[in-house]
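Just so it is clear: chains get the letters A, B, ... in the order the sequence lines come, proteins before strands, and each one is counted from 1.
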There are 2 protein chains.
Amino acid sequence: MNGTKLDHDEDAAAALRQTSLRVTKQRVAVLEAVRDHPHTDTETVIRSVRESLPAVSHQAVYDSLHTLTEVGLLRCIKPSGSVARYERRIGDNHHHLVCRSCSLIVDVDCTIGQAPCLTPSHDAGFVIDQAEVTFWGLCPDCAAAGAQLTGDDQFSAV
Amino acid sequence: MNGTKLDHDEDAAAALRQTSLRVTKQRVAVLEAVRDHPHTDTETVIRSVRESLPAVSHQAVYDSLHTLTEVGLLRCIKPSGSVARYERRIGDNHHHLVCRSCSLIVDVDCTIGQAPCLTPSHDAGFVIDQAEVTFWGLCPDCAAAGAQLTGDDQFSAV
DNA sequence: CTGCTTATCTTGAACGAGTCAAGGAAAGTG
DNA sequence: CACTTTCCTTGACTCGTTCAAGATAAGCAG
């Protein structure tokens with residue numbers, strides 16, 4: 001466990017060193033937290049990070065998430081109605097399944113190819129670099145529980 | 001012009017009558033505003049509505065947009081980093097092109113079929129009802145102007 | 001190893017889109 | 001026309017996020 005933790009730390013630190021960013025314990029912890037809990041929101045990342053670094057400020061986490069996203073170590077997703085969520089899987093152009101009832105987010109591999117993976121019928125002259133696909137529906141549990149969806153879920157979902 | 005305006009009003013009123021909603025001038029004006037300015041945010045809708053109804057409260061507009069979306073007369077989209085935007089084209093499962101530089105949003109017809117129009121490779125047991133596709137890139141103007149995109153645009157775009 | 005420079009973090013205030021709640025207005029009904 | 005219920009106005013408020021100033025520490029040169 002400790003070895004694993006250290007490996008993770010080292011891995012995170014190595015990833016940071018490959019950028020021009022300074023390797024700080026806050027950033028390593030943030031990278032760790034997102035790896036361990038994919039699709040988590042900032043609030044949860046803050047809680048995770050505070051398990052090992054009780055004194056981190058929320059601002060440090062916000063800053064780290066932004067910076068790490070900028071340099072491409074993290075990816076930020078914001079499904080409609082959701083706060084920002086982060087994930088470590090980057091560069092593979094995968095997509096997401098989102099449950100309208102419980103907000104569960106699941107990765108779906110993109111079988112079409114690399115970004116943008118789809119091309120619109122008319123591109124209106126745009127230079128397109130990414131096709132972001134979000135599948136909306138009910139997760140197995142919510143579907144089984146017969147979750148009733150109202151139009152309002154368009155606002156409250158996720 | 002006046003005839004056109006009245007026609008629009010009548011059309012909007014008719015749409016409202018087909019629901020169980022009361023036909024109020026605020027709702028008619030909101031429906032009008034969104035039809036005339038697709039992909040507008042709430043702030044802009046408020047301004048548009050106040051041209052004919054100077055005294056509407058922002059809450060009335062927020063409520064109307066929500067209610068009209070619930071009954072299916074409007075569709076709400078929220079590209080990453082953007083506030084809520086509304087459009088009148090509904091039920092045709094079209095998608096959007098979003099400019100990372102100037103936030104311009106353009107409709108793209110879905111040529112694949114009706115919702116969900118795409119099926120993921122593995123659905124993880126989800127019951128999927130919609131595939132929301134957002135194409136990101138640069139609009140013709142921004143591409144021509146050689147807009148430089150930084151990683152930061154992931155946050156500031158739209 | 002030490003000191004320096006500059007990126008990063010802490011602290012705490014502030015912002016903006018959106019929501020909540022109470023009471024008054026007006027749409028639809030009989 | 002009066003009544004009921006939905007809808008609107010008013011104004012306070014929340015929450016995720018950002019801004020700004022000063023303190024801290026990472027990386028580097030010596």
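Looking at A/D107 and A/P38, their side chains never come closer than 4.5 Å, going by heavy atoms from C-beta outward. Looking at heavy atoms from C-beta onward, B/D109 lies in side-chain contact with B/R89 at the 4.5 angstrom threshold. Considering only heavy atoms from C-beta on, A/T42 stays 4.5 Å or farther from A/V83 through its side chain.
Distance A/Q59 CD to D/dC15 P: 19 Å, rounded to the nearest Å. Rounded to whole Å, the distance from CG on B/L65 to P on C/dA17 is 14 Å. Distance, B/Q18 CD to C/dG28 C1': 18 Å, rounded to whole Å. For the pair B/L53 CG and C/dA25 P, the interatomic distance rounds to 17 Å; values are reported in whole Å. In this structure, the CZ atom of B/R27 is 12 Å from the C1' atom of C/dA26, given to the nearest Å. A straight line from NE2 of B/H58 to C1' of C/dA17 spans 10 Å, rounded to a whole angstrom. In this entry the distance linking CD of A/E70 with P of C/dA7 reads 14 Å, nearest Å. Rounded to a whole Å, the CG atom of B/D63 is 9 Å from the C1' atom of C/dT19.
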Inset, instruction - For the pair A/V34 and A/L65, evaluate side-chain contact (heavy atoms from CB on, under 4.5 Å) and give the outcome as yes or no after the intermediate values. - result: CA-CA 9 Å; A/V34 175; A/L65 289 171; 4.1 Å; yes
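Contact annotation: B/T42 side-chain N/O to C/dG18 OP1/OP2 distance is under 4.0 Å.
Closest of all the heavy-atom pairs between B/S48 and B/A33 is CB-CB, 3.7 Å. Taking every heavy atom of both residues into account, A/H94 and A/E87 meet most closely at NE2-OE2, 3.1 Å. Between A/L118 and B/F135, the shortest heavy-atom distance links the atoms O-CE2, 3.6 Å.
Closest to the side chain of B/V83, from the set C/dA17, C/dC9, D/dG16, is C/dA17.
Of the two residues near DNA chain C, B/A84 and A/S57, the one whose nearest nucleotide lies more 5' is A/S57.
Between the side chain of B/R88 and the main chain of B/L73, a donor-acceptor pair closer than 3.5 Å is present. Panel note: side chain B/S82, backbone B/K78; no donor-acceptor pair is recorded below 3.5 Å.
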Inset, instruction - Treat primed atoms plus P, OP1 and OP2 as sugar-phosphate and everything else as base, then score nucleotides 24-30 of chain D 5' to 3': B for base contact with protein heavy atoms under 4.0 Å, S for sugar-phosphate contact only, - for none. - result: -BBS---
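Each end of the helix from C/dC1-D/dG30 to C/dG30-D/dC1 gets its own axis, taken as the rotation carrying the C1' atoms of four end pairs onto the next four within a five-pair window, and the two axes meet at 40° to the nearest 10 degrees.
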